[in-house]
Amino acid sequence: MMLIPTHHFRDIERKPEYLQPEKCVPPPHPSPVGTMWFIRDGCGIACAIVTWFLVLYAEFVVLFVMLIPSRDYVYSIINGIVFNLLAFLALASHCRAMLTDPGAVPKGNATKEFIESLQLKPGQVVYKCPKCCSIKPDRAHHCSVCKRCIRKMDHHCPWVNNCVGENNQKYFVLFTMYIALISLHALIMVGFHFLHCFEEDWTNLLHTFGVTREETAEARISHHEKDQPLKVSSSECSSFSPPTTVILLILLCFEGLLFLIFTSVMFGTQVHSICTDETGIERLQRKQQPRERTGSWESVKETFGGDFSLNWCNPFSGPCHPKPLSDRDWVRQADSLSDTENTETTEERKDEDSTEVIDE
């Protein structure tokens with residue numbers, strides 16, 4: 001979808017009657033406090049399940065193909081602890097990113113009573129989402145998958161089946177970081193495994209079948225050795241046969257390389273967004289409207305939860321949540337728009353939905 005500068009002013013209304021508050025009624029049964037946030041989206045649920053399956057597959061190959069059969073117990077214990085710790089933190093971050101309210105705006109609050117309570121003054125405007133019938137505070141955008149307006153929405157990610165917004169961006173950043181780390185760790189272990197076991201187990205298999213690099217080498221294998229049953233010390237490097245081991249390791253290499261590239265790019269993009277205090281949607285829209293930005297370090301501390309500490313890497317500690325929205329947070333100035341321009345374009349814009357960005 002092509003974005004133009006006028007998208008910044010979509011859904012902008014100056015008078016309460018333009019918001020059609022009579023069509024907006026609060027939800028008949030508001031969700032009780034403490035209700036778990038979960039998006040019932042088939043594609044997102046499937047992607048989340050695939051994510052867990054791939055992590056568990058990597059766990060299986062690392063443990064049962066490389067570490068447990070290894071004769072170097074120190075190597076196995078150290079790498080097993082590191083890999084399992086990173087995998088646990090990655091899955092915990094995934095759960096927190098998926099089950100945390102990303103910053104949803106109260107649904108259906110664009111009612112006549114609420115608009116009147118704002119006591120709009122000349123030059124003040126409010127933004128209304130025609131899809132979820134909510135008044136949007138600054139930097140909020142509507143997500144068609146979540147069917148809600150999300151504060152500081154960066155994008156909707158199907159891999160976590162949720163939007164990445166004000167309240168769960170920390171967990172998404174940790175998820176991408178830990179997935180990138182376990183992918184890199186798995187690739188390094190696969191490389192060492194191939195180097196260590198190729199000449200031991202798989203070369204023994206080739207000799208057993210009488211296959212060598214030089215044609216004259218077959219003569220060095222005695223007739224007695226050829227008559228012996230097939231014995232390969234595959235248990236020294238893997239609990240599976242060499243062909244099965246090779247297939248499992250190749251699949252792990254492909255998975256690790258793919259996810260290392262993908263999550264590293266996502267991690268870098270998220271860190272850049274946090275440091276510049278600019279969400280992905282705002283970057284795509286390229287708004288020319290100036291606004292006050294939070295400093296880089298302050299934005300990072302707000303996202304990860306205070307001054308630098310180990311809690312920044314802890315998916316069980318939350319970010320610094322902003323104060324509850326006050327009445328003035330719903331109201332914004334629109335000095336750049338004239339009354340005439342706004343009146344002429346209001347009817348065309350009020351039926352438009354907010355910009356939607358989906359992470360594929």
Side-chain angles (χ1 to χ4, degrees), residues 3 5 7-8 37 89-90 92-105 127 136-143 146 148-157 159-160 162-181 262-326 328-333 354-359:
L3 297 172
H7 279 76
H8 173 61
W37 177 272
L89 292 173
S93 301
H94 183 271
C95 286
R96 292 302 300 272
M98 180 172 58
L99 303 178
T100 299
D101 181 350
V105 176
Y127 285 72
K136 298 188 294 185
D138 192 19
R139 307 184 71 185
H141 302 275
H142 184 83
C143 174
C146 297
R148 297 288 292 274
C149 285
I150 308 297
R151 298 193 303 272
K152 290 182 67 175
M153 174 182 170
D154 188 88
H155 67 288
H156 183 92
C157 179
W159 296 105
V160 297
N162 200 0
C163 276
V164 177
E166 187 175 60
N167 294 342
N168 69 342
Q169 189 173 28
K170 169 187 175 178
Y171 308 129
F172 182 77
V173 172
L174 292 181
F175 168 68
T176 57
M177 181 183 73
Y178 287 129
I179 289 294
L181 289 177
F262 177 74
T263 55
S264 296
V265 171
M266 289 301 303
F267 176 77
T269 302
Q270 289 298 302
V271 171
H272 178 266
S273 296
I274 294 172
C275 292
T276 58
D277 192 26
E278 184 181 49
T279 65
I281 292 179
E282 293 166 350
R283 186 167 56 254
L284 289 174
Q285 290 179 335
R286 298 190 179 280
K287 295 181 180 180
Q288 302 299 323
Q289 192 79 352
R291 65 176 178 83
E292 183 179 353
R293 296 176 183 268
T294 306
S296 298
W297 185 244
E298 292 299 322
S299 180
V300 171
K301 291 197 297 183
E302 180 180 307
T303 301
F304 287 93
D307 295 327
F308 177 76
S309 67
L310 288 179
N311 278 331
W312 279 23
C313 301
N314 181 11
F316 299 100
S317 66
C320 289
H321 295 290
K323 298 179 180 179
L325 293 173
S326 61
R328 68 178 184 176
D329 292 322
W330 305 102
V331 180
R332 284 174 273 172
Q333 296 295 128
S354 303
T355 304
E356 304 165 6
V357 177
I358 304 300
D359 181 21

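Quick caveat, the model's predicted, so the values are computed rather than measured.
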Practice prompt. List the atom of Val105, the atom of Pro137, and the distance in Å for their closest heavy-atom pair.
Written response: CG2-CD, 3.7 Å

Discussion item. The criterion is side chain to side chain donor-acceptor pair (under 3.5 Å); which residues satisfy it with Ser264, sequence neighbours excluded?
Written reply: none

Fill in: Where Asp154 and Gly280 come nearest, the two heavy atoms and their spacing
OD1-N, 2.8 Å

Worksheet item: Are a donor atom and an acceptor atom from the side chains of Arg139 and Thr279 found within less than 3.5 Å of each other?
Response: no

Item to complete: Would you check if Arg96 and Leu174 make a side-chain contact, meaning some heavy-atom pair closer than 4.5 Å?
Response: no

Worksheet entry | Contacts of type side chain to side chain donor-acceptor pair (under 3.5 Å), residue Ser317, not counting sequence neighbours | Lys170

Practice prompt. Carefully, step by step, assess His155 and Phe172 under the rule side chain to side chain contact (heavy atoms under 4.5 Å, CB included).
Written response: CA-CA 11 Å; His155 67 288; Phe172 182 77; 3.8 Å; yes

Worksheet item: How are the rings of Trp297 and Trp312 set to each other: parallel, tilted or perpendicular (split at 30° and 60°)?
Response: tilted

Worksheet, complete the sentence: Nearest heavy-atom contact between Cys163 and Pro102 is O-CB, 3.5 Å

Worksheet entry | Which atom of Arg283 lies closest to which atom of Ser273, heavy atoms considered | NH1-OG, 3.0 Å

Worksheet item: Does the side chain of Cys313 reach to within under 4.5 Å of the side chain of Tyr178, using non-hydrogen atoms?
Response: yes

Response to the item:
Closest non-hydrogen contact found for Asn162 with Met98 is ND2-O, 3.3 Å

Practice prompt. Given side chain to side chain contact (heavy atoms under 4.5 Å, CB included), test Gln169 with Ile274 step by step and report yes or no.
Written response: CA-CA 9 Å; Gln169 189 173 28; Ile274 294 172; 3.7 Å; yes

Worksheet item: Is the backbone of His141 close enough, under 3.5 Å, to the side chain of Tyr127 for a donor and an acceptor to pair up by distance?
Response: no

Discussion item. Is the shortest side-chain heavy-atom distance between Phe267 and Ile179 below 4.5 Å?
Written reply: no

Worksheet, complete the sentence: Residues Val300 and Cys275: closest non-hydrogen pair is CG2-SG, 4.0 Å

Worksheet item: Could you state the interatomic distance from CG (Leu89) to CE (Met177), rounded to the nearest 0.5 Å?
Response: 8.0 Å

Discussion item. Return the CD to CG distance between Glu166 and Asp101, rounded to the nearest 0.5 Å.
Written reply: 10.0 Å

Worksheet item: Do Asn168 and Trp37 get their side chains close enough for a donor-acceptor pair, meaning under 3.5 Å?
Response: no

Fill in: Partners passing side chain to side chain contact (heavy atoms under 4.5 Å, CB included) against Ala97 (at least two apart in sequence or in another chain)
Val160, Tyr171

Fill in: Euclidean distance, Ser93 OG relative to Phe316 CZ, rounded to 0.5 Å
8.0 Å

Item to complete: Any chance you could lay out the side chain to side chain contact (heavy atoms under 4.5 Å, CB included) test for Glu282 and Asp277, step after step, and finish with the verdict?
Response: CA-CA 10 Å; Glu282 293 166 350; Asp277 192 26; over 6 Å; no

